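Quantities reported herein were computed from a predicted structural model and do not represent experimental measurements. These values consider heavy atoms only, across backbone and side chains, with no hydrogens, waters or symmetry-generated copies. Just so it is clear: chains get the letters A, B, ... in the order the sequence lines come, proteins before strands, and each one is counted from 1.
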Amino acid sequence: MISLYDTLTGEVRPLTLREEGRVALYACGPTVYDHPHLGHARSALTYDVLRRYLEWRGLDVRHVANITDIDDNIINRARDEGSTESEVAVEWEAVYIDAMAALNVLDPHDRPRATEWVTEMVDFVARIMDAGVAYTTPTGVYLRVRDVPGYSDLVHRDLDDLRASAGARVEVDEAKEDPLDFALWKAAKPDEPSWPSPWGPGRPGWHIECVAMSLGILGDDFDIHGGGNDLVFPHHTNERAEALAVGRSFARHWVHNAMLNIEGTKMSKSLGNYRTVVEMLDEHPDNGRAFRLLVLQTHYRKTMEVNADLMASARAACQRLDALARRASVLNRPPESLGPRDLDESAVDAFNTAMDDDLGTPQAVAVIFETLRRANAALDRGADDAEVLAATVTNLAGALGVAVDAARRGADAGDAAIDDMVARRQAAREARDWATADALRDELSALGVVVEDTPAGPIWRRA
RNA sequence: GCGCCGGUGCCCGAGCGGACCAAGGGAACGGCCUGCAAAGCCGUAAAGCCGCGGGUUCAAAUCCCGCCCGGCGCUCCA
């Protein structure tokens with residue numbers, strides 16, 4: 001049985017599905033107006049791993065991740081660049097999608113864009129108005145929070161308490177009845193993109209988009225709603241209020257991933273430690289995979305640390321995965337020839353047990369590396385179970401989206417020059433000309449190439 | 001200020017009442033293997049009182065109280 005922490009109830013509880021065998025998952029995506037940063041990556045990876053694991057367990061998952069392509073940031077960016085909101089959104093959405101692909105994040109089944117759902121949003125707002133829990137002001141349409149029972153349940157804070165701190169950072173709009181009330185529809189300002197509505201031209205409030213799209217695509221009572229824990233309030237709280245206001249059942253389970261720190265402190269532009277996914281990826285060809293492993297090694301609900309040393313150690317760990325695959329590739333039954341049914345049972349059980357318990361990826365990764373050691377030991381003594389153990393490592397890593405690649409000798413191989421040097425070194429070795437062999441190895445080393453001698457001949461890889 | 005989450009070895013990070021495993025990854029050191037290496041295996045960590053101080057319990061890293069430190073959130077804004 002798979003259990004997950006549910007933000008609403010504040011406890012780890014069994015995942016009870018709306019429909020047997022099928023999971024409807026909605027994860028909040030980014031607002032596209034700038035480079036995606038490592039926080040976006042962690043969030044996307046969290047739900048990618050959740051989705052992959054559910055599928056690994058045989059469930060049929062429908063994963064929806066939205067793209068917010070209209071909001072203040074986009075409008076400001078367009079204004080600064082002298083371009084249009086649409087151009088900004090299209091440009092940055094492409095960057096985001098490329099970055100996620102580089103991280104081996106599976107494409108969600110649906111990637112709805114806010115601007116394509118405006119009609120549904122207007123309709124949703126209208127129904128909230130009909131329900132009598134919203135009102136209009138010169139600046140837009142607002143939801144009357146006090147009319148929604150249980151409004152603050154998701155944040156686990158008292159309503160008065162919330163109200164008391166409202167406005168601590170942002171000025172309160174005087175026209176609102178209550179400082180907690182929030183915009184469902186924003187009246188158009190000059191030079192801003194707008195859509196027609198019963199309340200005049202304007203654009204949708206942020207929260208209405210996710211309700212309209214999640215309910216619109218997945219239907220009432222869908223299974224899991226996820227996002228960064230910074231979205232618990234106000235975003236998810238308000239989404240939920242909108243759904244409740246019209247009497248619709250919203251998410252059955254709320255999942256939130258934690259933030260990340262860079263060099264021990266929170267990542268922020270003002271501190272200058274703001275890191276984008278593209279920068280991270282550019283620093284090393286294997287960083288995409290290494291970052292995923294790093295994310296997996298910390299539980300998703302805990303703030304994680306990222307720095308250059310940790311990236312390097314994650315890369316080293318990934319190398320061990322590949323090293324095993326290289327050794328195993330010469331076996332009678334290499335890893336790719338064995339399927340999920342042929343794997344080491346104790347390892348798979350331990351892996352599933354860890355993952356079933358609120359996505360225990362750190363323990364799951366530990367199981368993979370313990371199995372890796374067992375596989376290498378079996379290989380050393382030529383034991384029969386080496387094949388199964390090696391395949392287990394590859395499959396379990398794959399279930400988490402970590403690619404294991406025996407052929408990873410530098411994707412940019414084709415380096416005929418290096419192949420040639422390696423061959424000359426091997427010839428020298430066979431002639432017992434150690435001086436020449438070692439000199440060649442030194443040259444290769446200077447090029448960042450490591451040579452490994454195996455029973456099947458030398459193989460090389462980039463350090 | 002209010003709410004929530006954290007503080008475990010050189011670094012990261014599991015564990016969250018009890019068999020002494022305080023997992024796993026990285027780094028370091030020793031051994032085996034190797035022509036020598038690399039990879040791999042085995043083993044080690046003369047300082048881990050598991051942030052500090054109390055308490056509960058036969059038993060606490062794991063529960064309770066206080067304190068210190070870090071992080072996140074505190075409406076139309078990741």
Side-chain angles (χ1 to χ4, degrees), chain A residues 7 10 28-31 37 39-40 43 68 71-73 139-140 142-143 145 152 155-158 161-173 176 178-186 205-207 227-235 237-238 258-261 264-267 293-294 296-299 301-307 309-320 322-324 326-327 354 360-370 372-381 429 432-434 437-438 441-442 445 450-454 458-461 463:
Chain A
T7 307
C28 281
T31 298
H37 56 236
H40 290 121
S43 187
T68 297
D71 95 316
D72 289 340
N73 288 312
T139 57
Y142 292 85
L143 185 139
V145 164
S152 60
V155 263
H156 297 291
R157 290 192 64 186
D158 185 78
D161 188 29
L162 260 187
R163 186 174 288 120
S165 62
R169 298 203 323 187
V170 181
E171 288 181 41
V172 174
D173 181 341
K176 295 196 294 186
D178 184 318
L180 287 177
D181 293 349
F182 60 90
L184 295 169
W185 186 259
K186 301 178 184 180
W206 180 29
H207 321 302
N229 70 188
D230 57 337
L231 299 180
V232 174
F233 186 85
H235 188 48
T237 292
N238 288 348
M259 306 287 98
L260 57 75
N261 291 169
T265 50
K266 68 169 179 176
M267 178 174 72
L293 186 64
L294 202 55
L296 291 168
Q297 285 180 316
T298 303
H299 186 81
R301 287 195 284 117
K302 212 170 149 182
T303 304
M304 68 175 277
E305 172 70 19
V306 181
N307 61 47
D309 286 347
L310 290 171
M311 287 302 295
S313 59
R315 266 184 257 123
C318 286
Q319 285 301 322
R320 292 186 61 203
D322 291 343
L324 170 65
R326 280 196 297 277
R327 300 185 75 191
T361 58
Q363 298 98 319
V365 169
V367 169
I368 291 173
F369 279 92
E370 279 167 8
L372 176 141
R373 182 171 43 70
R374 287 170 61 203
N376 273 316
L379 243 14
D380 281 351
R381 59 175 193 274
R429 291 184 70 225
R432 305 187 74 75
D433 178 1
W434 311 127
D438 290 350
R441 187 169 62 201
D442 288 344
S445 176
V450 178
V451 189
E452 291 175 17
D453 294 321
T454 76
I459 192 167
W460 64 269
R461 63 184 165 84

Under a 3.5 Å cut-off for both contacts, is B/C21 paired Watson-Crick or G-U wobble with anything, and if yes, with which nucleotide? none
Checking only heavy atoms, does the side chain of A/R441 share a donor-acceptor pair with the base of B/C36 at less than 3.5 Å? yes
Within this structure, what is the CH2-to-P distance between A/W206 and B/C76, rounded to whole angstrom? 8 Å
Can you see which heavy atom on A/H40 is nearest to which on A/P30, and at what distance? CD2-CB, 4.1 Å
Per nearest nucleotide of RNA chain B, the residue lying toward the 5' end, A/L294 or A/M259, is A/L294
Nearest of B/A27, B/G35, B/G15 to any side-chain atom of A/Q363? B/G15
Closest to side chain of A/D453, choosing from B/A37, B/C11, B/A39: B/A37
Protein-nucleotide distance (A/Q297, atom CD; B/G24, atom P), rounded to Å: 12 Å
What is the base-pairing partner of B/C76, counting Watson-Crick and G-U wobble geometry with both distances under 3.5 Å? none
Roughly, in whole Å, what's the span from CG in A/L293 to P in B/G24? 15 Å
Taking the nucleotide of RNA chain B with the closest heavy atom to each, which residue, A/R374 or A/S313, is nearer the 5' end? A/S313
Take the protein atom CG of A/N261 and the nucleotide atom P of B/G7, then report the distance between them rounded to whole Å. 13 Å
Integer-rounded Å distance: B/G40 P and A/L372 CG: 8 Å
Under 4.0 Å between a Lys/Arg side-chain N and an Asp/Glu carboxylate O for A/R429 and A/D453? yes
On a whole-Å scale, what distance lies between the P atoms belonging to B/U62 and B/G6? 13 Å
Return the value, rounded to whole Å, for the distance between atom CG of A/L260 and atom C1' of B/C12. 14 Å
So which nucleotide from B/A14, B/G24, B/A39 ends up closest to the side chain of A/F369? B/G24
Pairwise distance OG1(A/T31) to CH2(A/W206) - rounded to 0.5 angstrom: 6.5 Å
Which nucleotide in the set B/A23, B/C12, B/A38 lies at the smallest distance from any side-chain heavy atom of A/R461? B/A38
Touch check for A/D71, heavy atoms < 4.0 angstrom, all strands: base, sugar-phosphate only, or nothing? sugar-phosphate
B/C5 phosphate, OP1 or OP2: any side-chain N/O from A/R301 under 4.0 angstrom? no
Have a look at A/D72 and say if it touches a base, only the backbone sugar-phosphate, or nothing, with a 4.0 Å heavy-atom cut-off. sugar-phosphate
B/C49 and B/G40, which share atom name P, separated by this distance in whole Å: 32 Å
Using only heavy-atom distances, decide whether a donor-acceptor pair under 3.5 angstrom links the side-chain of A/R429 to the base of B/G35. yes
Nearest heavy-atom neighbours spanning A/A354 and A/A364: CB-N, 3.8 Å
Does B/G6 have a Watson-Crick or wobble mate here (both distances under 3.5 Å), and if so which one? B/C69
Among the nucleotides B/C74, B/G7, B/G35, which one has an atom lying closest to any side-chain atom of A/P234? B/C74
Whole-Å distance, A/E305 CD to B/A14 P, equals 12 Å
Selected nucleotide, minimal atom distance to A/P362 side chain, candidates B/C41, B/G25, B/G13: B/G13
Any idea which of B/G13, B/G25, B/A38 is nearest the A/E452 side chain? B/A38
Remember a base hit wins even if backbone is also touched, and classify A/H299 as base, sugar-phosphate or nothing at under 4.0 Å, heavy atoms. sugar-phosphate
Hey, does A/D438 reach any base, or is it just sugar-phosphate, or nothing, if we go heavy atoms under 4.0 Å? base
Using the P atom in both, what is the distance from B/A14 to B/U8, to the nearest Å? 11 Å
Looking only at side-chain atoms of A/A183, point me to the closest of B/A39, B/C76, B/A27. B/C76
Only pairs with both distances under 3.5 Å count, Watson-Crick or wobble alike; so what is the partner of B/U62 in this structure? none
Which nucleotide, B/A23, B/G25, B/G3, lies nearest any side-chain atom of A/A317? B/G25
Using Watson-Crick or G-U wobble geometry with both distances below 3.5 Å, tell me the partner of B/C29, or none. B/G43
When rounded to the nearest Å, what value does the distance between P atoms of B/C63 and B/G7 take? 11 Å
Interatomic distance at P, B/C10 relative to B/C50, whole Å: 14 Å
So what does A/R373 hit on the nucleic acid, given a heavy-atom distance under 4.0 Å: a base, only sugar-phosphate, or nothing? sugar-phosphate
Is the distance from OP1 or OP2 of B/A14 to the nearest side-chain N or O of A/K302 less than 4.0 Å? yes
Point-to-point distance, once rounded to the nearest 0.5 Å, from CD of A/Q297 to CD of A/E305: 13.5 Å
Look through every strand shown and name the nucleotide pairing with B/C16 as Watson-Crick or G-U wobble, where both distances are under 3.5 Å. none
A/K186 with A/D71: basic N within carboxylate O range, under 4.0 Å: no
Value for OG1 (A/T298) from CG (A/L260), rounded to nearest 0.5 Å, stands at 9.5 Å
When rounded to whole Å, the CE to C1' distance for the pair A/M304 and B/C5 reads 16 Å
Let's test this: given Watson-Crick or G-U wobble pairing with both distances under 3.5 Å, identify the partner of B/U56. none
Between B/A59 and B/C20, how far is it from one C1' atom to the other, in whole Å? 14 Å
Using the ring of each side chain (for Trp, its six-membered ring), is A/H207 parallel, tilted or perpendicular to A/F182, with breaks at 30° and 60°? perpendicular
